[in-house]
Amino acid sequence: MSIRGAAAIVGAAEVDTWVSEHRSPVGLMAEASHRALEDAGLTLADVDGLFSASSYYAFPTMNLAEELGMHPRYMDSSNIGGASFVSHVGHAAAAIEAGLCEVALIAYGSTQRSDKGALVSRAEWSAYEEPYGLVHPISSVALMAQRHMYEFGTTPEQLAAVAVSAREWSLLHPDAPYPTPLTIEEVLGSRMISTPLHARDCCLVTDGGGALVVTSAAQARTLRRKPVYLQGFSESSNHRAVSAMPHLTSTVASQTSRLALEMAGRSLADIDTAHVYDAFTISLIMLLEDLGFCAKGEGGAFVADGNIAPGGSLALNTNGAGLAFTHPGMLGIFLLSEAVTQLRGDAGARQIPGATTSLVHGMGMTVAAHSTAILTTDAD
Amino acid sequence: MNAVVERPLPTPRGEEKQYFADLREHRMPYYCCADCSSPFSRPRERCVNCAGPVARQWSTGEGTVYSFTTVHRPGHPWFADSGPYTIAIVEFAEGFRGLADLRLPPYAQDPYIGQSVSVEFEDVTPDITLAHFVAAQS
């Protein structure tokens with residue numbers, strides 16, 4: 001038994017990716033679910049598995065089930081932070097392959113911009129870190145940035161180039177929140193939060209809802225949209241508290257990338273579009289290195305040379321992702337929906353021609369949890 | 001009416017209480033496997049490498065800055081009036097790491113990785129003593 005090619009994403013939707021006027025977190029989950037099902041040509045009656053994670057609800061699949069009026073036969077509330085939804089696709093494929101579920105609905109919603117304008121988190125502090133005033137999560141990531149600069153000579157300008165590239169991609173999206181390019185000077189001139197990270201080194205704080213519908217490969221081929229198959233998947237935990245992080249400049253994303261590609265029988269050279277969690281400029285640099293797109297320590301130069309901007313060697317985060325398009329607390333489901341949009345050929349001005357294969361990497365908390373999925377329009 | 005902001009302090013449970021009890025000695029503890037000598041910064045019953053028994057040792061408290069960040073937007077209301085403050089991960093001579101605030105001497109230069117530090121202790125409550133890192137006068 002293998003989950004390789006066992007399941008496919010057949011529906012996807014995003015709702016209110018900047019501000020939501022009239023929807024609560026579960027309201028966003030429900031509306032995104034309905035739109036994703038319409039996209040798939042399925043109904044609520046077809047869904048028998050629910051997957052969700054949330055910073056608002058202790059039991060998010062139960063809130064979702066209640067809101068949708070459902071009693072599923074399979075539920076998964078695995079929460080590893082923003083990476084959760086990439087894991088949910090892998091878990092859904094396993095449940096479907098095992099016959100425990102036929103149609104999985106994965107949903108997320110957050111109103112953090114409308115609520116406080118800051119990250120909402122129910123996560124507890126470590127007893128060993130709590131007294132010292134770390135800002136969550138930026139101070140933990142700032143400790144990684146400082147060390148990355150020390151070990152590899154990475155510069156603030158190279159970090160800023162990550163945000164500049166993200167903004168450039170977002171300008172190709174019809175719903176781009178910012179209408180003009182961002183400059184290195186603007187990033188470096190933005191308010192310093194926790195050295196060396198400025199406000200513009202951080203992802204956006206938005207509202208947003210998203211949902212995906214996953215079903216078996218066989219059923220997927222009977223439905224209205226081109227199936228996006230899950231060919232490879234792997235997840236892992238790197239640490240929980242930054243003071244326990246084994247290496248401040250590298251993570252187990254190297255392991256999840258390798259295992260996901262192995263399962264899929266593919267290499268990085270096969271990747272047409274990459275969708276990598278960009279909570280911070282430095283964390284994206286670290287992940288590009290760990291995933292294997294460039295060597296460890298060379299991420300700064302890789303970005304500064306224009307490789308991740310439109311027209312560069314790596315079509316990365318083609319909607320601007322967390323740094324430039326949307327980031328409602330947990331980004332994972334939006335990375336997946338953009339990958340699906342690319343692979344279906346629906347990406348309009350930002351479409352990568354002929355894209356068949358995507359790598360999606362979710363990160364959770366302080367670069368702490370990792371989940372990699374390989375998606376393709378090829379059935380095997 | 002002014003609300004008094006409470007200082008953020010942990011509520012240690014189980015083996016965590018050992019750590020804060022050790023800090024009350026005003027010495028820097030670490031925890032070492034009796035079988036394979038692996039050092040750890042926090043108490044645990046079993047070694048993560050060989051599952052052997054772990055016992056407390058005392059560090060010399062000599063370490064160097066492994067990384068740091070200076071916080072400009074307070075991470076907790078208790079820090080609101082203190083201006084920018086620095087947090088560091090320090091690597092101790094015995095091979096374990098700890099996290100705490102980094103206190104710099106007056107008119108000091110910016111903190112840097114590799115900077116020598118020592119440890120000071122503050123008895124905050126009967127249950128909680130905190131370690132603070134102090135940068136050596138340059």
Side-chain angles (χ1 to χ4, degrees), chain A residues 116-119 121 123-154 156 159 190-199 201-202 205 237 239-250 280 282 286 366-367, chain B residues 6-20 23 40-44 48 65-80 82 84-91 96-102 110-115 122 124-125 127-133:
Chain A
K116 290 186 187 180
L119 182 72
S121 177
E124 78 292 349
W125 277 109
S126 159
Y128 305 101
E129 294 187 358
E130 182 163 11
Y132 298 109
L134 289 159
V135 183
H136 175 70
I138 188 174
S139 291
S140 298
V141 183
L143 288 163
M144 301 172 209
Q146 197 71 249
R147 186 75 196 180
H148 203 278
M149 291 174 165
Y150 171 81
E151 288 188 14
F152 306 115
T154 307
L159 265 54
S190 63
R191 190 160 66 109
M192 181 66 77
I193 312 277
S194 191
T195 65
L197 299 178
H198 309 80
D201 282 301
C202 310
V205 176
S237 176
H239 62 275
R240 176 67 181 89
V242 69
S243 52
M245 192 175 182
H247 310 282
L248 278 185
T249 56
S250 63
F280 300 93
I282 181 61
M286 285 170 57
T366 57
V367 208
Chain B
E6 277 201 38
R7 184 172 187 174
L9 294 175
T11 305
R13 297 194 289 270
E15 65 280 351
E16 296 168 341
K17 294 182 179 178
Q18 174 73 55
Y19 179 73
F20 291 95
L23 289 178
F40 308 111
S41 61
R42 51 176 84 166
R44 44 166 61 92
V48 305
V65 174
Y66 188 75
S67 191
F68 67 93
T69 182
T70 300
V71 179
H72 288 252
R73 193 189 77 196
H76 186 279
W78 193 78
F79 295 86
S82 52
Y85 53 95
T86 300
I87 298 168
I89 294 176
V90 164
E91 190 155 57
F96 69 97
R97 294 188 205 141
L99 180 148
D101 58 318
L102 177 62
D110 291 338
Y112 59 94
I113 291 175
Q115 184 171 24
E122 176 191 3
V124 182
T125 74
D127 294 323
I128 301 295
T129 294
L130 295 181
H132 303 287
F133 300 145

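A note on names: the letters A, B, ... follow the listed sequences, proteins ahead of strands, and every chain is numbered from 1. Worth saying up front: this structure is predicted, and the values here are computed from it rather than measured.
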Proximity breakdown for B:Ser41 and chain A, heavy-atom pairs closer than 4.5 Å: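 Neither; nothing under 4.5 Å.
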Which atoms of B:Tyr85 approach chain A - backbone, side chain, both or neither, heavy atom under 4.5 Å: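 When you check distances to chain A, only side chain atoms of B:Tyr85 fall under 4.5 Å.
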Option in A:Gln146, A:Met144, A:Glu130 with maximal non-hydrogen atom pairs under 4.5 Å from chain B: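 Heavy-atom pair counts peak at A:Gln146.
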Chain B interface, residue from A:Leu197, A:Ile138, A:Thr195, A:Val135 that has the most non-hydrogen pairs under 4.5 Å: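 Winner by heavy-atom pair count: A:Thr195.
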Which atoms of A:Glu151 approach chain B - backbone, side chain, both or neither, heavy atom under 4.5 Å: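 Only the side chain of A:Glu151 comes within 4.5 Å of chain B.
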Contact origin within A:Ala241 toward chain B - heavy atom pairs under 4.5 Å: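 Side chain only.
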[X] side, atom [atom1]; [Y] side, atom [atom2] - distance, nearest 0.5 Å:
X	Y	atom1	atom2	value
B:Thr70	A:Ile193	OG1	CD1	13.5 Å
A:Ser139	B:Arg73	OG	CZ	8.5 Å
B:Tyr66	A:Leu143	OH	CG	11.0 Å
B:Leu99	A:Leu134	CG	CG	5.5 Å
B:Ser67	A:His148	OG	NE2	11.5 Å
B:Tyr112	A:Tyr150	OH	OH	10.5 Å

Donor-acceptor side-chain pairing of B:Thr69 and A:Ser194 below 3.5 angstrom: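 Yes.
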Partner chain A: residue of B:Pro74, B:Gly114, B:Ser82, B:Ala131 with the largest heavy-atom pair count (under 4.5 Å):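 Of the options given, most contacts go to B:Ala131.
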Pick from B:Ile87, B:Ile89, B:Ile113 with the largest number of heavy-atom pairs that fall under 4.5 Å of chain A: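 Going by pairs under 4.5 Å, I would pick B:Ile113.
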Parallel, tilted or perpendicular: rings of B:Tyr19 and A:Tyr128 (30°, 60°):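 Because their plane-to-plane angle is over 60°, the rings of A:Tyr128 and B:Tyr19 count as perpendicular.
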Heavy-atom donor-acceptor pair, B:Arg97 side chain to A:Pro246 backbone, under 3.5 Å: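 Yes.
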Main-chain N/O of B:His72 paired to A:Arg191 side chain as donor or acceptor, under 3.5 Å: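 Not confirmed, A:Arg191 side chain does not pair with B:His72 backbone.
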Heavy-atom side-chain contact between B:Arg42 and A:Ser243 under 4.5 Å: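 They are in contact (side-chain heavy atoms under 4.5 Å apart), so the answer is yes.
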